[in-house]
Amino acid sequence: MKAMSNVDLYAISHELNELLKDARVQKAYQPTRDTVIIRFHVPGKGRVDVAFQAGLRVHTTQYPPENPKVPPSFPMLLRKHLKNATVREVRQHNFDRILEIDIQKEHRFTLVVELFSQGNIILLDEENRIILPLKHRHAQGRKITSKEEYHYPAERGIHPLNVELDDLKELFENSDSDLIRTLARSGLGGMYSEEIILRSGVDKKLPAKEVSESDIELLYQNLVELFQPLKTFQFQPQIVREVVENESEENQGKSPKKKGKEDVLPLDILTYQNYQKERFDTFNQAADEFYSGKVGADIKKEQEDVWAKQVGKYEKRLRIQEETLEGFQKTIVETKKKGDLLYSHYSEVQNLLDIIHQAREKYSWMEIASTLKKARKEGMKEAQIIESMDKMGVLTLNLEGERVIVDANLEIPENTEKYYNKGKKAKRKIKGVNIAIERTKKDVERMRNKRELALERVQVPQKRVRRELKWFEKLRWFLSSDGFLVIGGRDAGTNELVVKRYLDNQDIYLHSDIHGAPSVVIKKGEAESIPESTIQEAGSLAASFSSAWTKGYASQDVYWVHPDQVSKTPQSGEFVARGAFIIRGSRNYLRGIPLKIAVGLVDYEGERIMAGPVESVSKHTDNYVVLKPGFTKKEEIARAVKRKIDPEHNITLEDVIRVLPSGKCDFVDNKRR
């Protein structure tokens, strides 16, 4: 897959700097060995995911891969140091394929992303020392490992945005290669070097030292013209695709098919003038569309390789067991045959043994073996069946074409019994091997099924389409069983918003009797009064979305008051924090409200996900689940909720996460309601 060029990274870094400045780091995870996804919260925009693939690419992505079940150590360290930190600057180092992100928390950190060679992702402290690299490296005079000072690779080539005519002349004078190689190695890369030469009309095979002064000026002018849009940030983000006519007879008269080369770039170039172009608003969007489909296939291939090893381990075991079984079966047949051969050639073998035993009284085994070998050559009848004899008196005989081992120290019945016993032993072992084979076959089948199921679950990243939220969806909200809209704050800022912008004189204000709770408002609207049932349901929202849920409480007290009792004005000497309010006068308490939330898809100004009391959600939909404080992580429970209520994939995982209470959850009775 094509790695980003320094020109690509120039466009990416500018766009990311515009987008991520003052953004907060939310999360980091590592879906593949070389890829890290960092999720940022951008003020006024919300979630932005950025993909960093060492040695290949950096760009925002609408195709975030699935978060691995067990996070590797590198993203965990990024979370530890960078969570809730603020991005100060994104920049490209010296027009090289190195991206740097300055991030401020209690201390300053720098995330360095290297796209050259095999690439790397490195977290640095404020003294430019390496906290942790994605890959530990020690090559070309650079030691990339923890606690070492980070050193940039040696600078080389020219900076196309700052280059002067004299720089180009000096480059050619000092070159010992042709024109195209000289330009490509100067940092321009092959594609842009070809483009400059194409625009200039100079012979690219000409030795660089022989290029005339007028041609150098022409090359310089075209270089400046080519990269001028970069200086003014007037990018032309595009994916280009080669269009090739299908000339086969069966396809005559049909429209041309798109195939051949495909590329992504931030500039218009003549090299691709006859290619089909798909334009984008930003180069990040173009890069995302170009890379994400290819990366999705890589993720699936990586998982297939993992499972191939898992299944292969059991298949290898089965193969060895089947070979062992085959060996035992062969042993049974061969040992019986050889035992029978000894008996069928009894007198012949016995005569030979008698001769050997007589000779043994005077000679050693080696002397006897030598004599027998000589006798066989001289045609001695008894010696013709002998193939060899070792120094311990063990004979190898050829009986009817079969090699039969006979120990001259033993009688024929004893030698025969050894064969029969070996066959019996193999026969006894066959039963155990058959049992083991059946067990392994089941293991293989089980692992193959697990593989198929796992690969079905491996999702090639799907595009996350941002849906415009209604004003109330940016808050906590639900529609009561009586049809009243109930809203609540999500944090200190939205608590302020709920009261200052949305609390009207005829509404009702509720708050859980615990520190860390939303300001909740029941909107009266055109109704004559707000019924007791709606107040009770609103109390359930106030209780369930308070810190009581995170603490694992089963119930919580809530109070309600009228709007004129809610004030931001403190008494003399008091201080009211952001998102907090002073309640004056008597409070109406709702005691022991159970912490329980239903989540379902409802039709309210269009289909959308709603979280609220069971009574209200069940009134508006049959498609819902019920949650309570528990032990399952938020993202995991969100996936389970989405599977249960959204089989047609009308909502995103982010939609589900947004409506869940803070903290861990479990299903009530672990089943649908």
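Since the structure is predicted, the reported quantities are computational estimates derived from the model, not experimental observations.
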Please report the shortest heavy-atom distance between K135 and A54, naming the atom on each side. NZ-CB, 4.1 Å
What's the shortest heavy-atom distance between M380 and Q384, and which atoms? O-NE2, 3.0 Å
Provide the full list of side chain to side chain donor-acceptor pair (under 3.5 Å) pairs with a residue in residues 425-438, sequence neighbours left out, each pair given once. none
Listing, residues 358-369 side-chain donor-acceptor contacts under 3.5 Å, not counting sequence neighbours, or none:
{"unit_1": "R360", "atom_1": "NH1", "unit_2": "Y363", "atom_2": "O", "d": "3.1"}
{"unit_1": "S364", "atom_1": "OG", "unit_2": "E367", "atom_2": "N", "d": "3.2"}
{"unit_1": "S364", "atom_1": "OG", "unit_2": "E367", "atom_2": "OE1", "d": "3.4"}
{"unit_1": "E367", "atom_1": "OE1", "unit_2": "S364", "atom_2": "N", "d": "2.9"}

Return the CG to CD1 distance between L325 and I320, rounded to the nearest 0.5 Å. 14.0 Å
Can you tell me how far the CZ atom of R403 sits from the NZ atom of K338, to the nearest 0.5 Å? 9.5 Å
What class does the angle between the rings of Y152 and Y150 fall in, given that below 30° is parallel, 30 to 60° is tilted and above 60° is perpendicular? perpendicular
My understanding is that only residues two or more places apart in sequence, or in another chain, count here; which of them pass salt bridge (Lys or Arg N to Asp or Glu O under 4.0 Å) with D666? none
Suppose we screen for side chain to side chain contact (heavy atoms under 4.5 Å, CB included). Which residues come up paired with L198, at least two apart in sequence or across chains? E195, L270, T271
According to side chain to side chain contact (heavy atoms under 4.5 Å, CB included), who are the partners of T331, at least two apart in sequence or on a separate chain? T335, K422, A426
Check this for me, if you would: do K336 and D340 make a salt bridge, where the nitrogen-to-carboxylate-oxygen distance has to be below 4.0 angstrom? yes
Charged N to carboxylate O below 4.0 Å: is that the case for R639 and E635? yes
Set out, in order, the CA-CA distance, both residues' side-chain angles and the distance that settles side chain to side chain donor-acceptor pair (under 3.5 Å) for D96 and N94, then state yes or no. CA-CA 5 Å; D96 203 345; N94 194 38; 5.9 Å; no
Which atom pairs, donor and acceptor, lie under 3.5 Å between side-chain atoms of residues 202-210 and protein residues at least two apart or in another chain?
{"unit_1": "D203", "atom_1": "OD1", "unit_2": "K205", "atom_2": "N", "d": "3.0"}
{"unit_1": "K204", "atom_1": "NZ", "unit_2": "E194", "atom_2": "OE1", "d": "3.3"}
{"unit_1": "K204", "atom_1": "NZ", "unit_2": "E194", "atom_2": "OE2", "d": "3.2"}

